[in-house]
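Could you have a look at this structure, given as structure tokens, before my questions?
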Amino acid sequence: MKVSPKTLKWALRFYPPLFFQRIWVQKFSCDFKSVEVKIIKSIFNTNYNKSIFGGTIFSASDPFYALLFDQIFRKKGYKTRVWLKSAHIQYLKPGNTDLYFKISISDEDIAEAEHQLKTVGKFVKALPISITNKKGEVCAVVSNEVYVRNLYQGEHHTIAY
């Protein structure tokens, strides 16, 4: 479903899996080419070592590339299925403070995806995320492999990807 950046931001802020892990969407760009996310350190996501639980960091990185590609292609009139095909995370430092990341999709990535959708019917690409602490130090690096494909005739959209 097409939504405005502001509506999607607020919907995700109160989406229970993100809300209870204190994953806070700060801003979607008006063209859905970027999103800024904050992981708030709290009692709900702190581990034994008093740092942010690794599962929370990994969960925070999960939905955003798929959401961005989905909204970009919906606005272009495509009917697609978009989801995270695979992911890999490397923890570099403990998340002892709030954590932050920004995801941006380049015009080149969009053009490549659109070309693949028109010629092959699907687009698969691994894209990076660097998650930093308040000092700007990288605490985790994630590689998310996004999968975008055209819906087949007769296939219906579902709410979930």
| Just by distance, do the side chain of T97 and the backbone of K134 share a donor-acceptor pair under 3.5 Å? | yes

| message | According to a hydrophobic-cluster definition based on side-chain heavy atoms being under 4.5 Å apart (Ile, Leu, Val, Met, Phe, Trp, Tyr only), do I57 and I40 belong together? | response | no

| query | Does K102 NZ have over 12 foreign heavy atoms under 6.0 Å away? | reply | no

| message | Once rounded to the nearest 0.5 Å, what's the spacing between atom NZ of K41 and atom CG of L99? | response | 9.5 Å

| request: Using the six-membered ring of F19, assess whether NZ or CZ of R22 lies under 6.0 Å from its centre and within 45 degrees of the ring axis. | output: yes

| query | Does R13 reach the main-chain N or O of V25 with its side chain, forming a donor-acceptor pair under 3.5 Å? | reply | yes

| request: Say whether L84 and I129 are linked into one hydrophobic cluster, either directly or through other cluster members, by side-chain heavy-atom distances under 4.5 angstrom. | output: no

| Which distance, rounded to the nearest 0.5 Å, do you find between the CZ of F20 and the OG1 of T56? | 13.0 Å

| field | F53 atom CZ: more than 12 heavy-atom contacts under 6.0 Å | value | no

| task | Could you tell me whether the side chain of I23 reaches within less than 4.5 Å of the side chain of Y15, counting heavy atoms only? | result | no

| query | Is there a donor-acceptor contact under 3.5 Å from the side chain of T80 to the main chain of V82? | reply | no

| note | All heavy atoms of D98 vs all of K38, minimum pair found to be OD2-CE, 3.2 Å

| field | Side-chain (N144) to main-chain (S61) donor-acceptor, under 3.5 angstrom | value | yes

| task | Search all heavy atoms of D31 against all heavy atoms of S29 and return the closest pair with its distance. | result | OD1-OG, 2.7 Å

| Within the distance-only criterion (no hydrogens, no angle test), does the side chain of N45 pair as donor or acceptor with the backbone N or O of I52 below 3.5 angstrom? | no

| Value rounded to 0.5 Å, distance of CZ in F123 from CZ in F69 | 4.5 Å

| Should V124 and Q116 count as side-chain neighbours, where that means a heavy-atom distance under 4.5 Å? | no

| field | Distance in Å, W24 CH2 paired with L18 CG, rounded so as to fall on 0.5 Å steps | value | 11.0 Å

| request: Answer yes or no: is there a donor N or O on one side and an acceptor on the other, between the side chain of N47 and the main chain of N49, under 3.5 Å? | output: yes

| What is the distance from atom CG of N133 to atom CG of N96, rounded to the nearest 0.5 Å? | 8.5 Å

| So with a 6.0 Å cut-off around NZ of K75, is the heavy-atom count from everything else above 12? | yes

| message | Quick check against the 3.5 Å criterion: does K122 have a side-chain atom that pairs as donor or acceptor with the backbone of Y147? | response | no

| task | Please work out which of the three classes, parallel, tilted or perpendicular, describes the rings of F73 and Y78, given edges at 30° and 60°. | result | perpendicular

| field | Closest non-hydrogen atom pair between Q21 and G55, with its separation | value | OE1-O, 3.9 Å

| query | Cluster question for you: counting only ILVMFWY and a side-chain heavy-atom cut-off of under 4.5 Å, with indirect links fine, are V146 and V141 together? | reply | no

| Between atom CD of E36 and atom CZ of F101, what is the distance when rounded to the nearest 0.5 Å? | 10.5 Å

| Closest contact, heavy atoms only, S143 versus A126 | OG-CB, 3.6 Å

| request: Using modelled atom types only, decide if a donor and an acceptor are shared between the side chain of Y91 and the backbone of G54 within a distance under 3.5 Å. | output: yes

| said: Can you classify the ring geometry of F14 versus W10 as parallel (below 30°), tilted (30 to 60°) or perpendicular (above 60°)? | reply: parallel

| Does Q71 reach the main-chain N or O of L67 with its side chain, forming a donor-acceptor pair under 3.5 Å? | no

| said: Do K33 and I110 make a side-chain contact, defined as non-hydrogen atoms from C-beta onward lying under 4.5 Å apart? | reply: yes

| message | So Y65 and I105, do their side chains get closer than 4.5 Å, heavy atoms only? | response | yes

| When hydrophobic residues are tied together by side-chain contacts of less than 4.5 Å, even through go-betweens, does L12 share a cluster with I39? | yes

| query | If two hydrophobic side chains count as joined below 4.5 Å and joins carry through other members, does Y100 share a cluster with V37? | reply | no

